[in-house]
Amino acid sequence: MEILHIEHLNFTYPGVETPTLRDLSFSVEEGEFIVICGASGCGKTTLLRLLKRELAPHGTLSGEILFAGTPLQQLDDRTAAREVGFVLQNPEHQIATDKVWHELSFGLENLGLPTEVIRRRVAEMASFFGIQEWFRKDTASLSGGQKQMLNLASVMAAQPSVLLLDEPTSQLDPIAAADFIATLRKLNRELGLTILLVEHRLEEVFPIADRVMVMDQGQITLFSPPDKIGRGLAHLPAEHPLLAGLPSAVRIFQALGREDDCPLTVRDGRQFLKQNYSNRIDSLEIPPYRHSEKVALEVREAWFRYRKELPDVVRGASLKVYEGEIFCILGGNGTGKTTLLNLIAGLSKPYRGNIFIRGKKSTDYGGNSLYRKNLALLPQDPQTLFIQETLREDLEELCRLAKFPRSEWEARILRVTQLLGISHKLSSHPYDLSGGEQQKAAIAKMLLLEPKILLMDEPTKGIDAGAKTALAQILQALKKEGITLLIVTHDVEFAAEYADRCALFFDGELLSSDPPSLFFTGNNFYTTAANRISRGIYQNAVTCGDVVRLCRENGVKEAQNEG
């Protein structure tokens, strides 16, 4: 039975000539698990919000959206609010109250349910989602994973028929993201809940989806079972951004030009390698990593807590990052990675230990001199940096604050926006940009300050694989200019591909600083899907490219047997 039916749907935002959605027609059966993917700005979030009446954006809409055979706009307010649940990308943006137990009951109170019903449903949700241990905690004290699980539980308390989720794992560490996705699978399989999930991280969601919708420039390119997607995109060139976002097993399969059954999971990928390729050559020759002798920044035995009565967040952390290095810090939500960045940036001060920036104690930099051609911090939420009506005005304001001569503003702005590929967006409001474009705009603001050290907090969150590749090219260009990059990230695939060194932040300190080929090979959870696929078959393959290279060097088993 169809629960959603969309017919010839078109949508255009005010003041924009090009439609965001163009003639979309599809239906969703009750109980289906649908994954929606595609490049940033292709219309995924717009589509999802149009399916949730209360969150529908303002603009010109044509076409038809039916919910269980009834036009969405004709549903009464109570039914519309209850039957279609929505989980936002940023956990912070959905929590409305100060206590966990109150958040769980908040939506039910707004629906006007009796107190006894509310108490029973809250208890049920807390038990189902494993919230009992932090049931009475302040919502502000929760980790990112806990906040997102609370958002999901609060939405599910209303017992919706359809659940819409907009990149819900983009700000979660790999373990919290896997737990969240496992919970979605449980809701779908055990409760028959219809789920539409917009996601860039496809490794875990591809295998559990009934169908995958691939969107490009406001249209549906493919809408098929996941095992047909790889073959359906085979005509695209190898560098196409849509291919870069596919699960590692699919990417390896495609890169090797195979035509048999496409693997989807790590388990399938391992079987595919074992059945088709030998491991006569079981490791790659990787030259030893050599860094500059000059230390760009150093943390020496830093300790920090937010209040005297609270436990330490940073506990004797030490770190050296060398000039022109891309250094990635990984670790769980709430472990203190962002706090460490704030200490390095001078936004907080350790109560013990020292921070050195370019050989000088950070406390010895007077006024704003630390931020003048020395250091810049890109925060986790780029929107916090935007204060003007257009991107151009935002960049001009920064030029004014930096006291650049007025005659240089235009040249400086064009240089950084052309480097980042966003010069055509200068007249746009920063909030109207896609997630990837906002990230680039925020980096543009940082680069205007001409820093020698750039600190970045989760720069790849919420952006598609193509935008990540573009970002990586920008970072490598900055590295060639001698800029040092210290990046906090949950994106293990990005770190494995582009970092010079990686470290794990745990229990307030940094552990295991190594090049990616060593760092990820020794991990079970903080590692790449490509490494999980090839582990025990090949020794030091941590990216899809590594696995493909070793497969090609070994050759296909059948060909070897015939020879």
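For clarity, every value in this text was computed on a predicted model and none was experimentally measured.
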Worksheet entry | Side-chain H-bond candidate by donor/acceptor type, D76 with T79, under 3.5 Å | yes
Worksheet entry | Under 3.5 Å: donor-acceptor pair, side chain of D546, backbone of T543 | yes
Practice prompt. Would you check if there is a donor-acceptor pair between the side chains of S27 and E2 at a distance under 3.5 Å?
Written response: yes
Practice prompt. Please answer whether the main-chain N or O of D268 pairs with a side-chain N or O of T265 as donor and acceptor at a distance below 3.5 Å.
Written response: yes
Worksheet item: Do you see a donor-acceptor pair shorter than 3.5 Å between the side chains of D166 and T45?
Response: yes
Worksheet entry | No-hydrogen, no-angle side-chain donor-acceptor test under 3.5 Å, Q148 and N151 | yes
Discussion item. Looking at R251 and A530, would you say the former's side chain and the latter's main chain have a donor-acceptor pair under 3.5 Å?
Written reply: no
Worksheet, complete the sentence: Taken to the nearest 0.5 Å, the spacing of N188 CG from I208 CD1 works out to 7.5 Å
Discussion item. Under a 3.5 Å threshold, yes or no: a donor from one side chain and an acceptor from the other, between H490 and E458?
Written reply: yes
Practice prompt. Any chance you could lay out the side-chain hydrogen bond (donor to acceptor under 3.5 Å, both in side chains) test for T139 and E103, step after step, and finish with the verdict?
Written response: CA-CA 8 Å; T139 51; E103 188 69 23; 5.9 Å; no
Practice prompt. Quick one: closest heavy-atom pair of W134 and V100, and the distance?
Written response: O-CG2, 3.3 Å
Fill in: Donor-acceptor under 3.5 Å (Q94 side chain, L88 main chain)
yes
Worksheet item: What's the verdict on side-chain hydrogen bond (donor to acceptor under 3.5 Å, both in side chains) for S161 and E83, showing C-alpha distance, side-chain angles and the deciding distance?
Response: CA-CA 5 Å; S161 300; E83 292 294 330; 2.3 Å; yes
Worksheet item: So, do F272 and F253 have ring centers that fall under 6.0 Å from each other?
Response: yes
Worksheet item: Do other residues, nucleotides or ligands put more than 12 heavy atoms under 6.0 Å from H58 NE2?
Response: no
Worksheet item: Counting distance only, does the side-chain N/O of E203 pair as donor-acceptor with the main-chain N or O of S248 below 3.5 Å?
Response: yes
Item to complete: Please test V214 against I229 for side chain to side chain contact (heavy atoms under 4.5 Å, CB included), starting from the C-alpha separation and ending with a verdict.
Response: CA-CA 8 Å; V214 182; I229 294 295; 4.1 Å; yes
Fill in: Plane angle bin for F494 and Y498 - parallel if under 30°, tilted between 30 and 60°, otherwise perpendicular
tilted
Worksheet, complete the sentence: Nearest heavy-atom approach of M125 to L104 is CB-CD2, 4.4 Å
Worksheet item: Quick one: CG on L164 to CG on L55, what's the gap to the nearest 0.5 Å?
Response: 9.0 Å
Worksheet item: Is any side-chain heavy atom of F11 closer than 4.5 Å to a side-chain heavy atom of P57?
Response: yes
Worksheet item: Do N531 and T528 pass the side-chain hydrogen bond (donor to acceptor under 3.5 Å, both in side chains) test, and can you show the C-alpha distance, the side-chain angles, and the key distance before you say yes or no?
Response: CA-CA 5 Å; N531 182 245; T528 62; 5.3 Å; no
Worksheet item: Just by modelled atom types, is the G331 backbone N or O under 3.5 Å from a matching donor or acceptor in the D173 side chain?
Response: no
Practice prompt. Look at atom CZ of R119 and say whether more than 12 heavy atoms of other residues, nucleotides or ligands are closer to it than 6.0 Å.
Written response: no
Discussion item. Can you confirm whether more than 12 heavy atoms, excluding those of D261, are under 6.0 Å from its CG atom?
Written reply: no
Worksheet item: Just by distance, do the side chain of N10 and the backbone of H8 share a donor-acceptor pair under 3.5 Å?
Response: yes
Worksheet entry | Whether over 12 other heavy atoms sit under 6.0 Å from R267 CZ | no
Worksheet item: Taking everything shown except Q217 itself, do over 12 heavy atoms lie less than 6.0 Å from its CD?
Response: no
Discussion item. Could you check whether any side-chain heavy atom of L4 comes within less than 4.5 Å of a side-chain heavy atom of E29, counting everything from C-beta outward?
Written reply: no
Worksheet item: Is there side-chain contact between K147 and I95, with heavy atoms separated by less than 4.5 Å?
Response: yes
Item to complete: Check the side chains of T46 and Y13 for a donor-acceptor pair under 3.5 angstrom, ignoring hydrogens and angles.
Response: yes
Worksheet item: Do T527 and V492 come within less than 4.5 Å of each other through their side chains, counting heavy atoms only?
Response: no
Worksheet item: With a 4.5 Å limit on heavy-atom distance, are the side chains of E124 and M156 in contact?
Response: no
Worksheet, complete the sentence: Rounded to the nearest 0.5 Å, the CZ atom of R82 sits from the CG atom of D77 at a distance of 12.0 Å
Worksheet, complete the sentence: Shortest non-hydrogen pair, C502 vs L330, comes out as CB-CD1, 4.0 Å
Fill in: Flag side-chain contact, heavy atom, 4.5 Å: L152 against L163
yes
Worksheet item: Is there a donor-acceptor contact under 3.5 Å linking the side chains of S428 and D432?
Response: no
Worksheet item: Hey, which of I443, D457, L341 is the one that makes side-chain contact (heavy atoms from CB on, under 4.5 Å) with L378?
Response: I443
Worksheet item: If you measure from CD on Q159 to CG on L193, what distance do you get to the nearest 0.5 Å?
Response: 11.0 Å
Discussion item. Rounded to the nearest 0.5 Å, what separates atom CG in L222 from atom CE in M213?
Written reply: 11.0 Å
Worksheet item: Going by atom types only, do D138 and S141 share a side-chain donor-acceptor pair under 3.5 Å?
Response: no
Discussion item. Walk me through whether L197 and I36 qualify under side chain to side chain contact (heavy atoms under 4.5 Å, CB included).
Written reply: CA-CA 6 Å; L197 170 66; I36 305 173; over 6 Å; no
Worksheet item: Nearest 0.5 Å, what's the SG-CD1 distance between C328 and I487?
Response: 4.5 Å
Worksheet item: Are there more than 12 heavy atoms of other residues, nucleotides or ligands under 6.0 Å from atom CD of E54?
Response: yes
Discussion item. I'd like to know if the side chain of T194 pairs up with that of E32 as donor and acceptor (distance under 3.5 Å, no hydrogens or angles considered).
Written reply: no
Discussion item. Distance alone, cut at 3.5 Å: any donor-acceptor contact between the side chains of D491 and T460?
Written reply: yes
Discussion item. Do V84 and L51 make a side-chain contact, defined as non-hydrogen atoms from C-beta onward lying under 4.5 Å apart?
Written reply: no
Worksheet entry | Any donor-acceptor pair under 3.5 Å from E437 side chain to I422 backbone | no
Discussion item. Quick check with a 6.0 Å cut-off and a 45 degree axis cone: is R185 positioned over the face of F33's six-membered ring?
Written reply: no
Discussion item. Do I65 and E7 have side chains that approach each other closer than 4.5 Å (heavy atoms only, starting at C-beta)?
Written reply: no
Discussion item. Could you report the tightest heavy-atom contact between A496 and P516, atom names first, then the distance?
Written reply: O-CB, 3.7 Å
Fill in: Test item: K337 side-chain N/O and I329 main-chain N/O as donor-acceptor pair under 3.5 Å
no
